[in-house]
Structures are given as C-alpha cells and as structure tokens.
A.B. asks: 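Dropping the structure in here first, questions after.
All ligand and atom numbering here is 1-based and tracks the order in the structure.
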Amino acid sequence: MPTVFPNASFEKMETPFYFYDTELLRQTLNTVTTLAKKHDYQVHFAVKANANPRILDEVRAAGLGVDCVSGNEVRAALEHGFDAKKIVYAGVGKADWEINLALDADIECFNVESIPEMEVINELACKKGKVADIALRINPNVDAHTHQYITTGLEENKFGIGLWEVEAAAFKAQSLSNINLVGIHFHIGSQITDMGAFLALSTRINELQKWFEANKIHLSVINLGGGLGIDYEHPDQLSIPDFEAYFETFAKHLELREGQKVHFELGRSLVAQCGSLITRVLYVKKGQKKQFAIVDAGMNDLIRPALYHAYHKIENISSDKPTQKYDVVGPVCESSDCFGKEVVLPETSRGDLIAIRSAGAYGEIMASRYNLRNFPGSYFSE
Ligand code: LLP
C-alpha cells in the first residue's frame with residue numbers, strides 16, 4: 001500500500017517533521033496480529049523503536065504487549081494503558097529505581113541479562129515481599145548477518161547470559177526465593193533479512209531446551225526477541241514485511257514442549273514503513289564536481305544514515321522535472337550529516353519538500369537537540 005503524501009497540507013506545516021501513515025500502521029498491526037493468532041504466538045512491540053504517544057495508542061488498541069528497555073519505557077507503557085501483565089523488560093544495565101518501578105507495577109517478566117542482575121532483582125523483590133517472574137536472556141552466539149552495531153547475539157556482544165553460563169544461571173535462579181524462572185529470551189540483532197539466521201536461532205534453542213528438560217526445569221515462555229528486517233529500497237512495494245515467512249520459520253524449526261508459549265518483540269517491522277521524515281530544501285549549492293541539496297532536517301532528526309551508514313530512500317515530492325544527482329545533506333556542523341550521496345531526484349529547488357522514507361523506526365525516538373536544534377514535530381494522516 002503506497003503512502004500518499006498530502007502535499008497541500010504539508011505546505012502550511014513547519015518542517016522538518018515525521019509523517020505517519022496511520023492506515024498503513026493499522027494494516028501492519030492487523031496483519032501481524034492475525035498471523036500471530038494463527039500460530040498462537042504473542043507479539044510485544046519494542047517501544048525503543050518509536051514511543052510517539054499516538055503510535056503507542058495504536059499498538060495498544062491492536063492488543064499487543066510491549067517490550068521495554070528502561071524504567072521510563074515501562075512508565076510510558078503504563079501511562080498509555082498497557083496491561084502490566086503484557087510488559088516485559090530487558091536491558092543489561094537496569095538501575096535499582098527501574099527494577100523497583102517494574103516490581104511495583106507487577107510486570108509480566110524481567111528479561112535478565114546476568115547473574116549479578118538476577119541477585120539484585122531477587123533482593124529488591126524480597127524487600128517488597130514479592131516474587132518476580134524472570135526469563136534468562138541467553139546470548140546464543142548466532143550470527144544475524146546484519147550491521148555490526150545492531151548485532152546482539154554474538155559472544156563478543158555485551159548482551160545476555162553467555163552459553164557457558166546458562167546452567168549456572170538456571171540453577172542460581174532456582175535457588176533464589178524471590179524470583180521465579182518462567183522462560184528463556186533471545187534477541188540476535190536487528191534488520192535481519194536472512195531467515196537462515198532465525199533457523200540457526202531455532203536450532204540453538206532446540207539444543208538448549210534439551211538441557212532444561214533433562215534437568216526438569218519447566219519453561220513456559222520462549223521469547224524470540226525481534227529483528228525482522230524491512231525493505232528500505234522499496235518502501236511502497238513491500239510496505240508490510242513478510243511476517244508469515246518469519247513466523248513459518250519458527251513454526252517449522254522450533255521444537256516446543258507441552259504448553260510452551262512463544263513470544264516476539266518486534267520493533268522495526270511494525271513501524272518503520274509507516275513513517276517518513278519530511279523536510280524542506282533550503283538551498284541548492286552547486287560545487288565543481290557535485291551539487292548539494294541542503295535540507296532543513298539534520299542528523300539530529302534522523303541519525304541512522306550518519307550512525308550506521310543506513311540507506312533511506314529519498315524522494316522529492318514537490319517536483320516532477322527531469323532528474324539530476326544531488327548529495328542530500330543537513331545543516332548540522334558535521335560531515336556525516338548526510339542523508340544520501342548521488343541521489344537521483346527530479347530537478348530540485350529551494351522550498352521543495354523531500355520525503356526520507358522508512359523512518360518510522362529508530363527515527364523520531366533517536367532524535368536529539370545537537371547544535372541546539374529543535375526536536376522534529378510529528379503528524380499523522382488520520
Ligand atoms: N528486543 C530487544 C531486546 C532489542 O534489543 C531490540 C532492539 C528489539 C527487541 C527490537 O528489534 P527490532 O524488531 O526493531 O529489530 N537503532 C538501531 C536498531 C537498534 C535495535 C536495538 N534492539 C537502528 O536504527 O537500526
């Protein structure tokens with residue numbers, strides 16, 4: 001479903017801003033919930049991808065749970081009416097106040113990333129006279145074949161409990177009286193387009209499950225994290241990711257035990273394609289070898305190209321003249337403040353509107369005020 005930009009109403013708006021196609025968001029959420037239901041899977045939305053209040057409201061209305069990685073994300077989820085029993089909380093560095101907040105709310109599950117963290121949760125839960133449900137976040141040492149900055153499931157990454165320590169962590173969990181081990185959790189990385197990585201994850205989980213079973217440790221939840229990638233090159237042709245192929249991979253390869261529930265924590269695949277960063281051309285500067293389209297959005301508004309060399313499709317939505325090549329750059333005082341080099345655009349002039357596509361995930365939420373610039377605004381189609 002191609003996103004339609006209401007250029008006429010954009011004219012009156014102050015740029016830059018994020019534009020969200022509400023209908024596409026709803027269709028995506030509807031697709032994922034329908035397919036998850038078919039497989040009896042539960043989907044949590046990874047709030048880190050986008051915590052815009054409207055997005056959270058739409059996600060809640062669609063009936064999903066949430067995956068949080070900070071106390072403030074847990075708080076935001078509660079404020080937006082998510083059922084605490086659908087909130088899971090991961091992160092390698094949970095501070096005491098964050099753990100306390102989640103304990104007070106009686107969240108569904110802590111995804112615990114180390115034995116020392118488990119001990120602290122146990123101690124804080126004990127003080128409150130509570131028993132906290134936890135899952136062990138296991139680092140499965142599976143290569144996600146994605147960008148090194150968004151790979152999380154390799155031994156060299158800081159995330160999760162290493163395979164070598166899983167047995168000790170499981171026995172430790174059983175020995176602590178204020179925590180209750182309910183499951184195991186994984187997240188191998190983000191923007192994964194090779195289903196082979198999820199197959200490898202399934203195989204690793206199957207091996208681990210044998211050990212838990214042999215030791216009579218019952219796991220009721222297998223949480224597979226997120227990571228499903230999207231098509232940044234073709235935001236309109238493939239606006240809804242292939243959730244079916246993704247779920248099928250696990251349905252085929254993951255061996256479940258009686259009564260086990262499968263959870264997912266999807267971020268990017270749910271919200272990336274519905275969002276575009278809309279920016280206006282300030283100047284076209286001609287160099288001897290190239291020309292620059294200088295726009296009013298900068299790396300502070302969308303940091304992915306500068307931080308990960310990420311590709312985002314760039315469109316001039318005001319002009320239909322013959323094409324030329326431009327480096328599309330922002331106003332921030334950094335050479336990395338560049339959204340794309342040698343981008344083919346219709347002839348571009350001052351005042352034209354530019355859409356930087358597939359920016360609904362890790363866009364607005366990663367914005368900063370670097371150079372004391374303002375935060376970008378946001379606008380929904382409905
Ligand atoms: N669960 C956990 C524990 C995670 O750490 C993440 C993402 C997710 C779920 C959601 O993953 P997704 O379905 O969105 O791939 N800023 C980077 C992405 C960082 C992802 C961090 N963790 C980017 O802009 O590409």
Side-chain angles (χ1 to χ4, degrees), residues 28-29 32 36 41-51 55 59 64-70 73-74 77 87-94 108-114 117 134-140 144-154 157-161 183-194 197-198 201 221-232 241-243 246-247 250 263-275 277 299 301-312 339 356-368:
T28 308
L29 293 171
V32 87
Y41 292 161
Q42 253 185 51
V43 180
H44 289 70
F45 171 57
V47 176
K48 66 181 81 64
N50 194 321
I55 298 265
V59 169
L64 281 72
V66 281
D67 153 49
C68 300
V69 285
S70 72
E73 283 191 358
V74 172
I87 299 178
V88 298
Y89 177 20
V92 291
K94 301 180 185 79
E108 176 182 1
C109 190
F110 288 85
N111 292 329
V112 169
E113 308 224 8
S114 66
E117 178 199 327
I134 68 153
L136 300 179
R137 175 170 180 177
I138 299 174
N139 183 330
H145 301 290
T146 183
H147 191 285
Q148 55 165 339
Y149 286 6
I150 49 177
T151 288
T152 46
L154 286 177
N157 302 125
K158 67 178 174 180
F159 299 99
I161 293 164
I184 48 179
H185 169 242
F186 304 83
H187 174 73
I188 57 172
S190 201
Q191 185 50 23
I192 299 168
T193 48
D194 168 13
F198 295 121
L201 173 62
V221 177
I222 310 295
N223 184 333
L224 302 167
L228 177 62
I230 62 140
D231 191 335
Y232 281 94
D242 193 350
F243 295 112
Y246 175 63
F247 287 154
F250 293 108
H263 288 190
F264 290 89
E265 300 169 344
L266 296 173
R268 187 189 318 264
S269 52
L270 300 182
V271 294
Q273 295 292 34
C274 74
L277 177 61
M299 63 192 278
D301 301 300
L302 175 65
I303 202 174
R304 302 193 70 257
L307 192 56
Y308 315 117
H309 294 138
Y311 170 83
H312 284 261
F339 292 114
I356 305 180
R357 306 293 310 275
S358 315
Y362 308 108
E364 187 181 356
I365 193 72
M366 291 180 81
S368 77

A.B. asks: Do Cys274 and Thr28 make a side-chain contact, defined as non-hydrogen atoms from C-beta onward lying under 4.5 Å apart?
C.D. replies: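 Counting from C-beta outward, Cys274 and Thr28 never come under 4.5 Å.
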A.B. asks: Could you check, using the six-membered ring where one of them is a Trp, whether His312 and Tyr232 have ring centers closer than 6.0 angstrom?
C.D. replies: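 His312 vs Tyr232: aromatic centres under 6.0 Å.
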A.B. asks: Examine the proximity of ligand 1 to Arg268 and report which part, side chain or backbone, both or neither, has a heavy atom under 4.0 Å away.
C.D. replies: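 Both backbone and side chain of Arg268 come within 4.0 Å of ligand 1.
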A.B. asks: With a distance cut-off below 6.0 Å to the six-membered ring centre and an angular limit of 45° from the axis, does Lys94 pair with Tyr89 as a cation-pi contact?
C.D. replies: yes
A.B. asks: Indicate the atoms forming the closest heavy-atom contact of Ala49 with Val271, along with that distance.
C.D. replies: CB-CG2, 4.1 Å
A.B. asks: Under a 4.0 angstrom heavy-atom cut-off, which atoms of ligand 1 come close to Gly226?
C.D. replies: 9 (C), 13 (O)
A.B. asks: Is Gly267 in polar range of ligand 1, meaning some N or O pair under 3.5 Å apart?
C.D. replies: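 Among all N and O atoms of Gly267, at least one is under 3.5 Å from an N or O of ligand 1.
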A.B. asks: If we check side chain to side chain donor-acceptor pair (under 3.5 Å) with Asp67, which of these qualifies: His185, His187, Lys48, His263?
C.D. replies: Lys48
A.B. asks: Below 4.0 Å, non-hydrogen atoms only: which portion of Asn111 touches ligand 1? Side chain, backbone, both or neither.
C.D. replies: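 The answer is neither.
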A.B. asks: Examine ligand 1 and decide if any of its atoms is less than 4.0 Å from a heavy atom belonging to Gly227.
C.D. replies: yes
A.B. asks: For the 3.5 Å polar cut-off, considering only N or O atoms, please tell me whether Arg137 and ligand 1 meet it.
C.D. replies: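 There is no such contact.
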A.B. asks: With heavy atoms only and a cut-off of under 4.0 Å, state how Phe159 meets ligand 1: side chain, backbone, both or neither.
C.D. replies: neither
A.B. asks: For the residue pair Tyr246 and Phe198, does the interplanar ring angle fall in the parallel (under 30°), tilted (30 to 60°) or perpendicular (over 60°) class?
C.D. replies: perpendicular
A.B. asks: Test your reading of the model: is there a side-chain donor-acceptor pair from Gln191 to the backbone of Ile230, 3.5 Å cut-off?
C.D. replies: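 Yes; at least one donor-acceptor contact below 3.5 Å.
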A.B. asks: Could you tell me, atom by atom, which parts of ligand 1 come under 4.0 Å of a heavy atom of Leu266?
C.D. replies: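 Once the distances to Leu266 are compared, the set is 13 (O).
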A.B. asks: Tell me the contacting part of Ala49 for ligand 1: side chain, backbone, both, or neither, using a 4.0 Å heavy-atom threshold, strictly below.
C.D. replies: neither
A.B. asks: What residues form a salt bridge (Lys or Arg N to Asp or Glu O under 4.0 Å) with Glu113, not counting sequence neighbours?
C.D. replies: Arg137
A.B. asks: Considering only heavy atoms, which of Lys48, Met366, Glu113 lies nearest to atom 2 (C) of ligand 1?
C.D. replies: Lys48
A.B. asks: Once you measure the plane-to-plane angle for Phe247 and Tyr41, does it fall in the parallel (<30°), tilted (30-60°) or perpendicular (>60°) bin?
C.D. replies: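 Geometry flag for Tyr41 against Phe247: perpendicular rings.
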A.B. asks: As an exercise, identify every atom of ligand 1 less than 4.0 angstrom from a heavy atom of Asp67.
C.D. replies: 1 (N), 2 (C), 9 (C)
A.B. asks: If you measure from each non-hydrogen atom of His187 to ligand 1, which part falls under 4.0 Å: side chain, backbone, both or neither?
C.D. replies: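 Contact part for His187 vs ligand 1: side chain (C-beta onward).
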A.B. asks: Out of His185, Gln191, Glu265, whose heavy atom sits nearest atom 9 (C) of ligand 1?
C.D. replies: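 Considering heavy atoms of His185, Gln191, Glu265, the nearest to atom 9 (C) of ligand 1 sits in Glu265.
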